[in-house]
Amino acid sequence: MTRAITSISQPKLRLEVLTPEEVQKIHAATLRIIETVGVRFPSVRALEVWAAHGAEVDRDRQVVRARPELIEAALKTCPPAYPLAARDPSQDLALDGNHVYLGTDGCGVEVIDLHSGKRRSTVLQDVGEIARLADATPEVAFHWVPVSAQDQPPETRGLHEIQAIWENSTKHVQTESIYNAREAQAAIEMAALIAGGREALRKRPVLSLMQCTASPLGHDGGSLDAALLAAEAGLPTGFMTMAANLTTGPATMAGNLAVGNAEVVAGTALLQLASPGAPVFYAAAQTASDLRTGAYTGGGPEDFLYGAATNALADFYAIPLSMGSFATGAKEPNWQAGIENSLSTFMASVVMSDMLLGCGFLHGSRIWSYAEMMLDCEIFAIVHKMMQGILVNDETLALEAIAAVGPGGNFLTHKHTRQHMRDVFLPQFMDRRPYNEWEARGDDARDWALEKARATLARHQPDPLDPRLSAELARITASLEA
Amino acid sequence: MSAELFQKMAQSIIEGDADLAADLARQSIEAGLDPLEAINQGFVVGVNTVGESFSCGDAFLPELVMAGEAMKAAVAVLEPEMKRLGAERQVFGRVVLATVQGDIHEIGKSLVGTMLSASGFEVHDLGVDVPTARIIEKVKEVDANLVGLSALLTTTMVRQKEVIDELDKLGLRARVKVMVGGAPVTRDWVQKIEADGYSEDAIGAVAVARQLVGAA
Ligand code: B12
């Protein structure tokens, strides 16, 4: 059974958060940083690639400095558009600049248990359950590994996790939980089995990889090696900067953008030098550290502006963007979560970020909440509706209906209303009841969202993975545990 | 004359000016001032001022960290002189601090380090991605009585246990307390690995550290 995915496309709203001149300035600053300060690449393989292409490599400090021409030439081979393939081809996603897709957030460490409501450590079963719910939810277009399978061995955890998602959903899987070469190699083999071979995987990558950069101006060795392998195999691969004002980045927003951009651009250039034409994406979740504690905030006006500004950079380089939106710092689905997740998602969507990551988390990407996931999907649905803008034509101006109803009267009985009433947004979780009903019941959006998650999980069965395929995937994982 | 210098010292800390603080420390040595007095009547006054305005919300984290760095710079200059005079600055404890092997998350660990040293602990920060063996080695080398281990990944938090087990094996566990922290660290985990304490933030880390060394 295929289920249509809701994505934002053909936007009518527009926002220019950076002028072309400002983008150019940030780009120039970026090249200057890469050329004069350098970026740290603590991976033998990465340093070899850089050296082979004439970059200046300081092997002791593992710092690479590269001339602007080298970086710019390398970026030229990035493909501007490509698909994120799904186990069910009708759910393939086009990263073509004209779609915004929502994913689940990833790598959480705790979950508010669906049934007991208690907070606890996450296990493999949670990965499968969340994937199954996401499979049934039209707003979710693809998966991140939502939480960590802490009941599985650390060295193969990432493999157990992606298999659990494939078992429970036909949608595209992106992982941020695989950050070493050994696991990445095995994950590629698993993806090839699903896609029907290594060549088929290149055409229809059913798996993509996201790696964090190590701000300021660095990368993680394991992440680099994993990314190089993935790019070589044709899996879409992206580097995410989390440069944060005050701590891992300067206090000023432009400077923080430049630092993050230098990390992503240098990482992306490396992948292109190693595997020209490999599908790559830009990923970012910049923020401002809390002024009082240095904590990762996951919200606030700076976040929202970064959401829009980063897409201007990704567009400048003509590569898709995966933007960190949602990920509120709130401890429960509440006022703060609503504000942070709405504004971050709106700002990232209005500029057409290709992927939004993602729904479902509380406490700055640490605690999974099924209720929050459903509420986040409603936020996405609202933004989706807003992005359609206001259609103005003879039919929508409704002059005939207006004339027929005349001064006074109402439109409820008019045919035009009947034809267009479904254009009006119908929320699932907004409280529009009479006051006394609210008073008598004492429930709210959170309860309804949780109920929706429970009801969906009680009935939804995903298209199962062929048991033979399942067994083969498990064998690959087991071979790494021996 | 020395009162004026003390005031300048405090001010250098308040302004987070490490170069100036070191400079003033040198001047005090040249002027033949007692280094302990320079610390206690000069620099520490500045640290306390910043600490107080931080507590009531007037100062922000960067100011606190800069004050800490300036203090460190001053103490580094004064330390050899104290040694020469056979005086010793009273420290609450010697802490070996690290983010465990396989983990490169740095900010939280460094903040904990800054707060500890600003609060009178001698901190040996080994950085990130630090193998257990190096941590143990450092504990022995500096005769630490406290170890602070940061881990932000569920795949690396097992290293916190590894360090505790290793200390145990070497018979060091009785005199070396271990405190842990990081995003996935919960009270359950702390109990499970039999760590001595944990905290969800840097201010709390100082309280825990004080309590563990009996300086609460
Ligand atoms: C910023 C960040 C990064 C930055 C770190 C930059 C740097 N230079 O440090 C970068 C981008 C490098 C990064 C990389 C990765 N990250 Co990260 N990261 C975060 C994030 C968003 C914030 C961490 C942070 O700096 N917080 C601010 C500081 C001030 O807070 P703190 O670290 O929690 O520290 C405080 C307390 O915990 C406590 N504390 C900390 N240590 C100690 C020690 C002691 C002794 C005590 C007493 C107290 C204590 O006091 C501190 C001060 O208040 C967290 C999510 C989160 N909200 O925690 C994810 C998070 C920790 N990262 C995560 C992941 C998965 C990764 C990557 C694996 C991603 C990838 N695929 O590349 C890599 C890791 C690579 C590696 N080998 O380590 C996951 C881990 C989840 C899991 N299941 O394991 C998290 C939870 C986010 C998520 N859900 O995806 N990350």
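The basis for the numbers below is simple: all heavy atoms, side chains too, and nothing from hydrogens, waters or symmetry mates. Given the structure is predicted, the values throughout are model-derived calculations rather than measurements.
Between atom CG of residue B:L153 and atom SG of residue A:C107 there is a gap of 7.5 Å, rounded to the nearest 0.5 Å. Atoms CZ and OG1, on A:R120 and B:T186 in that order, are 13.0 Å from each other to the nearest 0.5 Å. Rounding to the nearest 0.5 Å places OG of A:S223 at 6.5 Å from CD1 of B:I104. In this structure, CD1 on B:I107 lies 4.0 Å from OG1 on A:T247, to the nearest 0.5 angstrom. The structure places OG1 of B:T155 at 9.0 Å from CG of A:N180, a figure rounded to the nearest 0.5 Å. To the nearest 0.5 Å, the span separating NE2 on B:H105 from OG1 on A:T248 amounts to 10.5 Å.
Looking at B:A183, both its backbone and its side chain come within 4.5 Å of chain A, counting heavy atoms on both sides. Only the side chain of A:S148 comes within contact range of chain B, with heavy atoms under 4.5 Å apart. Both the backbone and the side chain of B:T154 come within contact range of chain A, each with at least one heavy atom under 4.5 Å from a heavy atom of that chain. Of the two parts of A:L291, the backbone and the side chain both hold a non-hydrogen atom closer than 4.5 Å to a non-hydrogen atom of chain B. Residue contact with chain B, scored on non-hydrogen atoms closer than 4.5 Å, is absent for A:Y296. Neither the backbone nor the side chain of B:I203 comes within contact range of chain A; no heavy atom of the residue lies under 4.5 Å from a heavy atom of that chain.
Heavy-atom contacts from other residues, nucleotides or ligands closer than 6.0 Å to CD of A:E481 number more than 12. In B:K8, the NZ atom is not crowded: 12 or fewer heavy atoms of neighbouring residues, nucleotides or ligands sit closer than 6.0 Å. In the displayed structure, A:R119 atom CZ is contacted under 6.0 Å by at most 12 heavy atoms of other residues, nucleotides or ligands. Residue A:E155 qualifies as enclosed at atom CD: its count of foreign heavy atoms under 6.0 Å is above 12.
No donor-acceptor pair under 3.5 Å is formed between the side chain of A:R292 and the backbone N or O of B:L61.
With respect to chain A, the highest number of heavy-atom pairs below 4.5 Å among B:G102, B:A59, B:G57, B:S110 belongs to B:G57.
Between A:L246 and B:P62, the closest heavy-atom pair is CD2-CG, 4.2 Å.
Using a 4.5 Å cut-off on side-chain heavy atoms (C-beta onward), B:D188 and A:S121 make no contact.
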